[in-house]
Amino acid sequence: MVTWTVFNGNETEWNEKLISLPFFSIYQSFQWGEIKKEDGWNVIRLIRLGHSTCTAQILYKRLPLKGAFFWCPGGILGENLDLDFNLLKKELGLLFFYFRCSFHQPDLKLEKIFSLGWKKPSYNLNSNQSMSIKIDVPEDEILKGMSSNWRHNVKRFDKKEIEVSRWLNPEPEALYEYYKKFESFKGISRQHTLDSIKGVVDKFKDNLVILRSLDSEGNLLALRGYVYLGDRALDWYAISTEGGRACYASHGILWRIFQDAKVRGVAVYDLSGVDPENNPGVYNFKKGTGAE
């Protein structure tokens, strides 16, 4: 009988299992779990071995009276989504729990989820939508998939011959200051805390790539960063300034990001969350790349 068990291996062993699964999510990576520990979450990782591997990295916080709140970002991965909840209760000594899970498999039908006892929550935490683009194809094909306006803005940026380079050994404090100025300029809420930036820089290390473009005086025009694992990448940091907007730096630097990620063996670049109704500007910008 094939059953779920608690995974007690290391980072390399977990991530190797993870990237062998279709539609694996970086939110299920070992590093992400370690980052969330620093935010006050506990982590338990479950694995099911047999004719096919299944994994689930679950974050949780304990509640009074032997209860717990579970959160599984990226979802249970593999063919079998029938997670062993009794194992969780026994392992953690629980009487009750609330379990929230986000599935990132685009071909997963609601009927299958419902047949296993899952229900839609009454309140959504976000739009539940993302966009991704295949970049393991010739560059001409990626460009053809872009909107004419997007291609035009990439060419405009290229003509200005503005340097774009990787930010080696990014300093969390400097990135945080960039974001504070960006948030003030855009009039938006806090995007990243200093602690979360430190966590990503520390845990993902070489799997975090940040490109930035500076003007002749060293002022930031635009910045973009992503984390990657196996053949998948997730858009993570994105900043544009007033000066960058004038030279189409956001378009130029994202195009460089695609080129950089492709060299690193990335096949699918996830542009992260989109909200067509409440944030149409970001949605249209990402849609213009040809992402789906």
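From a predicted model like this one, the values you see are computed outputs, not experimental measurements.
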Which salt bridge (Lys or Arg N to Asp or Glu O under 4.0 Å) pairs, counting each pair once, include a residue from [range], with sequence neighbours left out?
| range | answer |
| --- | --- |
| residues 157-166 | Asp158-Arg256 |
| residues 120-134 | Lys134-Asp136 |
| residues 181-195 | Glu183-Arg190 |

State whether Glu38 and Lys198 are salt-bridged, where the test is any N-O pair (Lys NZ or Arg NE/NH1/NH2 against Asp/Glu carboxylate O) under 4.0 Å.
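Result for this pair is no, no salt bridge flagged.
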Please tell me if the side chains of [X] and [Y] come closer than 4.5 Å, counting only heavy atoms from C-beta onward.
| X | Y | result |
| --- | --- | --- |
| Trp150 | Phe285 | yes |
| Phe30 | Asn10 | no |
| Phe24 | Asp231 | yes |

Between side-chain atoms of residues 217-226 and protein atoms elsewhere (two or more places apart, or another chain), which donor-acceptor pairs fall under 3.5 Å?
from, atom 1, to, atom 2, distance (Å)
Asn219, ND2, Asp215, OD2, 3.3
Arg224, NE, Asp235, OD1, 3.3
Arg224, NE, Asp235, OD2, 3.2
Arg224, NH2, Asp235, OD2, 2.6
Tyr226, OH, Asp260, OD1, 2.5
Tyr226, OH, Ala261, N, 3.4
Tyr226, OH, Arg264, NE, 3.3

Could you work out, with salt bridge (charged side-chain N to carboxylate O under 4.0 Å, His left out) as the rule, every residue matching Asp84, not counting sequence neighbours?
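With neighbours one apart ignored, the set is empty.
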For the residue pair Ser130 and Asp270, what are the closest heavy atoms and their distance?
OG-OD1, 2.7 Å
Taking only residues two or more places apart in sequence or in another chain, which ones pass side chain to side chain donor-acceptor pair (under 3.5 Å) with Gln31?
Asn15
So among Trp71, Tyr27, Trp41, which one has a ring pair (Phe, Tyr, Trp, His ring centres under 6.0 Å) with Trp32?
Tyr27
